[in-house]
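Here, residue 1 is the first one in the sequence, and each next residue gets the next number.
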Amino acid sequence: MNSPATATSEPDTPAPPADRPPAARRLPLDVRHLSLIGVLVALAVVGAITKPDEFLAAENLRLVLTQASVIGVVTVGVTFVIIGGGIDLSVGAIVALASVWATTLATQDFGLGGMLLCSVLVGVGCGLVNGLLVAYGPMVPFIATLAMLASARGLALQISDGRTQVVTVDAVLDLGVKDSYVLGVPPIVMVFALVCVLGWLLLNRTTFGRRTVAVGGNPEASRLAGIAVRRQRLLLYLLSGLCCGIAAFMLVILTGSGQNTNGNLYELDAIAAAIIGGTLLSGGRGTILGSVLGVLVFTTITNLFALNNLQTDIQQIAKGAIIVAAVLVQKGRSTP
């Protein structure tokens, strides 16, 4: 017979892995996502009322998606870093450096493949430096990525000598014209959609994603659970650098050039989009869908202001108010 202690003990149920996120985080939609969708609908209504012919035109909607694509790819990488408990202030500078390096005359001699490879390798290389400084330095992510921001901007300026580097490779330029559209969708938008889908799958359907959430939520508990925290952080910055390299090549296609001023303030836009999408700055929670919706909200606001000839300073004030509201909502939800 079982002893009384055995009879009253809890059933031997295996504990869930330490790196598995709560079920609520795996839901495809939550209140915040629905709220952002509501904001997008409200913005669309405003656009339809103020500028019905221009805003609802298919060309303008394609423009909004195209403008959202480059910063959207960067935001996917930044979202992973923030969920993992880090921050990356260097993404805009990395985009600039990758776009400049990929459009030098020497690189253009290798054609489309060589330019794409160069852009991705520069992004991953910068991400590697960031990851090593943060994970194995150890250095505070804010300082490490701030140093990369300054260094990458300086190197981009040195390589380009402050000049615009025009792309002469027809295969690259052809990707930006209407003849390359698939069912009316620009290739840049299709790349953005693919990156979002892959990012969602990586975060929600793989061990890598579960470990990212765990490391961001509680690094010490993750270490005790057997997760290589330093390696995970290194991989997150590599992923962010990869996204920057892809975004830089998309920007080259979009503008037909490489400039040291490319990616200006991308770091702030990407972080802001992730925050209003529900990603906690302290780490441990966030969604790719929320970040994408955040990007679309900001891009739509920019488009509306441009169509209505409103001043840029008012646009920045509106964005700032949205960020403050999103942070206050986060704080309210996290308060017991």
Applying side chain to side chain contact (heavy atoms under 4.5 Å, CB included) to Tyr237 and Leu132, what does each step give before you reach the verdict? CA-CA 9 Å; Tyr237 281 98; Leu132 289 175; over 6 Å; no
Pair Leu97, Ile159 - check side chain to side chain contact (heavy atoms under 4.5 Å, CB included), show working. CA-CA 9 Å; Leu97 178 59; Ile159 292 175; 4.0 Å; yes
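Minimum interatomic distance between Val229 and Pro219 (heavy atoms only, all atoms of both residues): CG2-O, 3.6 Å. Nearest heavy atom pair, residue Pro186 against residue Arg62, reads CD-CD, 4.0 Å. Residues Phe55 and Leu43 approach most closely at CZ-O, 4.3 Å, considering heavy atoms. In this structure, Ser180 and Gly176 approach most closely via the heavy-atom pair OG-N, 4.2 Å. Leu149 approaches Ala93 most closely through the heavy-atom pair O-CB, 3.4 Å. For the pair Gly290 and Leu36, the tightest heavy-atom approach, listed with the atom from each and the gap, is O-CD1, 3.8 Å.
Looking at residues two or more places apart in sequence or on another chain, you find a salt bridge (charged side-chain N to carboxylate O under 4.0 Å, His left out) between Glu220 and Arg223. Taking Thr104 as the reference, Thr107 meet the side-chain hydrogen bond (donor to acceptor under 3.5 Å, both in side chains) condition, with sequence neighbours excluded.
Residues Trp101 and Leu121 fail the side-chain proximity criterion, which asks for heavy atoms closer than 4.5 Å. At a threshold of 4.5 Å between non-hydrogen side-chain atoms, the residues Leu202 and Leu239 count as touching. Residues Asp179 and Asp174 form no side-chain contact, since every pair of their non-hydrogen atoms from C-beta on lies 4.5 Å or further apart. Side-chain contact between Val191 and Ser69: absent, with no pair of heavy atoms (C-beta onward) separated by less than 4.5 Å. By the 4.5 Å heavy-atom criterion applied to side chains, Thr287 and Thr279 are not counted as neighbours. Using a 4.5 Å cut-off on side-chain heavy atoms (C-beta onward), Val215 and Leu236 make no contact. Between Val74 and Val78, some side-chain heavy-atom pair lies under the 4.5 Å cut-off. Residues Thr145 and Glu267 form no side-chain contact, since every pair of their non-hydrogen atoms from C-beta on lies 4.5 Å or further apart.
Looking at Ser119, its side chain does come within 3.5 Å of a backbone N or O of Gly245 through a donor-acceptor pair. In this structure a side-chain-to-backbone donor-acceptor pair under 3.5 Å is present from Ser222 to Ala214. In this structure a side-chain-to-backbone donor-acceptor pair under 3.5 Å is missing from Arg233 to Gly131.
For Phe110, the CZ atom counts as loosely surrounded, since its 6.0 Å shell holds 12 or fewer non-hydrogen atoms of other residues, nucleotides or ligands. Crowding of Leu224 atom CG: a count of heavy atoms from other residues, nucleotides or ligands under 6.0 Å exceeding 12.
Under the side chain to side chain contact (heavy atoms under 4.5 Å, CB included) rule, Glu54 has a single partner from Asn303, Asn60, Asn308, Leu307, which is Leu307. Checking each of Gln259, Gln165, Gln108 against Thr103 for a side chain to side chain donor-acceptor pair (under 3.5 Å) leaves exactly one that passes, namely Gln165.
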